[in-house]
Amino acid sequence: TSLKPILSNPGPRSLKNEELSRIIDNYWSAFRELCPKAFENPSGYVIQKTTGINVLHSVLPKILDHMQRGVKTDHSQKRFKEVLNTINHDFVKSSYWKARDDRNGMAGVAGRAGTSKKSFRQLTVSIQSSIDQCPEKEY
């Protein structure tokens, strides 16, 4: 279900399975580097739970479109990390994904959002809006 936004998008849908699998792996590996606390303590963060998986998969086609603005068609982990760092939104930080039940401080935006499709959509729209506001840049 979480892959539906990727697989129903014309850009990613046109790729071979191996290529798409590599892109998704590189995308998640970039997030592992950008949000290390969230990956070191998965129970304390929602990035690897239903919320994070659904939201990040829903945002990936927009990020791929944003990456296409550049000259290169490089979908490496390094390039994803570079592109994600240009987006002015906290979803690239562990604190955004902090779970509601974390006893070590206040929950992050995604942790407070809930697990409904409506919540996923609101988070996705917020992130996509930030991507749309990024200046065009060649990577």
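Note that these values count all heavy atoms, side chains included, but never hydrogens, waters or copies made by symmetry.
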Hey, which of I47, L84, L123 is the one that makes side chain to side chain contact (heavy atoms under 4.5 Å, CB included) with F91?
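Answer after filtering I47, L84, L123: L84.
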Looking at K78, H75, H66, which hits side chain to side chain contact (heavy atoms under 4.5 Å, CB included) with V83?
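For V83, the side chain to side chain contact (heavy atoms under 4.5 Å, CB included) test succeeds with only one of K78, H75, H66, which is H66.
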Sidechain-backbone polar pair: [X] side chain, [Y] backbone, donor-acceptor under 3.5 Å:
| X | Y | result |
| --- | --- | --- |
| S21 | N17 | no |
| N54 | T50 | yes |
| S119 | A113 | yes |
| Y27 | L56 | yes |
| S29 | D25 | yes |

Pair E19 + R22: basic N to acidic O under 4.0 Å
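Judged by the 4.0 Å cut-off on N to carboxylate O distance, E19 and R22 do form a salt bridge.
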Report the residues that fulfil ring pair (Phe, Tyr, Trp, His ring centres under 6.0 Å) with Y96, sequence neighbours left out, ordered by chain and then residue number.
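Counting only residues at least two positions away or on another chain, Y96 forms a ring pair (Phe, Tyr, Trp, His ring centres under 6.0 Å) with H89.
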So which atom in [X] and which in [Y] form the shortest heavy-atom distance, rounded to 0.1 Å?
| X | Y | result |
| --- | --- | --- |
| P42 | F39 | CD-O, 3.6 Å |
| I6 | P61 | CA-CG, 4.1 Å |
| A99 | A107 | O-CB, 3.4 Å |

List for me each residue that meets side chain to side chain donor-acceptor pair (under 3.5 Å) alongside S2, sequence neighbours excluded, and say none if there are none.
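Result, side chain to side chain donor-acceptor pair (under 3.5 Å) vs S2: H57.
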Could you check whether any side-chain heavy atom of V109 comes within less than 4.5 Å of a side-chain heavy atom of D90, counting everything from C-beta outward?
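A side-chain contact under 4.5 Å is absent here.
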Could you tell me if the side chain of S58 sits less than 4.5 Å from the side chain of F120, heavy atoms only?
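Result no, sub-4.5 Å side-chain heavy-atom pair not found.
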Quick one: pull up CD1 in I63 and CD1 in I127 and give me the separation to the nearest 0.5 Å.
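Atom-to-atom, I63:CD1 and I127:CD1 are 8.0 Å apart.
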When you group the ILVMFWY residues by side-chain heavy-atom contacts below 4.5 Å and let the links chain together, are L60 and L3 in the same group?
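Looking at the clustering, L60 is in the same group as L3.
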